Amino acid sequence: MASQVDSLNRSFVANAAISAFRLVKLHTTENEVVAATNGAAVGFTQNDADAAAVVNVKMFHPTYFATVSGAGVAAGAAVHAIADGKVASAGGVSVGYAINAGTTGDVIEIAVSSKSF
């Protein structure tokens, strides 16, 4: 039987019904995930969840907080490192995906995906 070290877990809302142990990516609605049929996965579900129910996700990497610069960032969008150590929806190197939306000066949570490395 496989074993798993329990760390890096985070709760999200399932945008659609999903089974346990499925790859998920961030949805365009804040703090929601969907099955990762394409795009960058951020982790695996740990339980079955109906749409709009809480699902526990074992993240690939810790989440981080960053300050938004420029016109803002939408939830689920790729974020990029830019001048002044801030993030934006375009520009420099991609550092992950926005869990929350934000405008200039907001602090948002970012999930690093398996594609980021």
Side-chain angles (χ1 to χ4, degrees):
M1 177 159 104
S3 63
Q4 176 172 275
V5 176
D6 285 326
S7 62
L8 300 177
N9 289 321
R10 188 188 187 286
S11 295
F12 288 93
V13 172
N15 184 268
I18 191 165
S19 298
F21 311 114
R22 304 297 170 96
L23 283 165
V24 290
K25 66 179 182 176
L26 297 171
H27 189 263
T28 56
T29 303
E30 291 191 13
N31 298 303
E32 290 191 8
V33 291
V34 293
T37 55
N38 59 26
V42 295
F44 284 92
T45 57
Q46 298 298 289
N47 58 286
D48 295 339
D50 292 329
V54 173
V55 62
N56 190 35
V57 174
K58 175 98 168 167
M59 305 294 287
F60 292 135
H61 304 284
T63 61
Y64 300 94
F65 292 92
T67 303
V68 176
S69 177
V73 174
V79 293
H80 304 266
I82 62 165
D84 245 0
K86 296 180 181 179
V87 295
S89 58
V93 175
S94 176
V95 294
Y97 293 86
I99 294 174
N100 314 104
T103 59
T104 302
D106 288 345
V107 175
I108 63 169
E109 188 176 7
I110 296 170
V112 178
S113 76
S114 57
K115 263 180 110 169
S116 297
F117 291 99

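None of the values given here were measured: they were computed from a predicted structure. Scope of the values below: all heavy atoms of this structure, side chains included, with no hydrogens, waters or symmetry mates.
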Asn15 side, atom CG; Thr28 side, atom OG1 - distance, nearest 0.5 Å: 7.5 Å

Side-chain donor or acceptor of Asn47 paired with backbone N/O of Asn56 under 3.5 Å: yes

Lys25 versus Ala36, closest heavy-atom pair with distance: N-CB, 3.9 Å

Nearest atoms (heavy-atom pairs only) where Ser69 meets Ala88: O-CB, 3.8 Å

Determine, stepwise, if the pair His61 / Leu8 fulfils side-chain contact (heavy atoms from CB on, under 4.5 Å). CA-CA 7 Å; His61 304 284; Leu8 300 177; 5.7 Å; no

When rounded to the nearest 0.5 angstrom, what is the spacing between CD1 in Ile110 and CG in Leu26? 11.0 Å

For the CG atom of Asn38 and the CG atom of Leu23, what is their distance to the nearest 0.5 Å? 12.0 Å

Hydrophobic cluster membership, with links at side-chain heavy-atom distances under 4.5 Å among I/L/V/M/F/W/Y: are Ile18 and Phe12 in one? yes

Residue set satisfying side chain to side chain donor-acceptor pair (under 3.5 Å) with Thr29, at least two apart, ordered chain then number -> His27

Taking side chain to side chain donor-acceptor pair (under 3.5 Å) as the definition, give me every residue that meets it alongside Thr103, ordered by chain and number, with sequence neighbours left out. Asp106

Where is the tightest heavy-atom contact between Val107 and Phe65, given as atom of each residue plus distance? CG1-CB, 3.9 Å

Who pairs with Asn31 by side chain to side chain donor-acceptor pair (under 3.5 Å), at least two apart in sequence or on another chain? Arg10, Asn100

Going only through I, L, V, M, F, W and Y residues with side-chain contacts under 4.5 Å, is there a path from Met59 to Val24? yes

Please tell me if the side chains of Val112 and Val42 come closer than 4.5 Å, counting only heavy atoms from C-beta onward. no

Could you tell me whether the side chain of Phe21 reaches within less than 4.5 Å of the side chain of Gln46, counting heavy atoms only? yes

Donor-acceptor pair, Asp48 side chain versus Ala20 backbone, under 3.5 Å? yes

Short side-chain to backbone donor-acceptor contact, Thr45 and Ser19, under 3.5 Å: yes

For Ile82 and Gly92, work out which heavy atoms get closest and say how close. CG2-N, 3.9 Å

Which pair of non-hydrogen atoms, one from Val73 and one from Ser89, has the smallest distance, and what is that distance? CG2-N, 3.8 Å

Closest non-hydrogen atom pair between Ser113 and Ala41, with its separation: CB-O, 3.2 Å

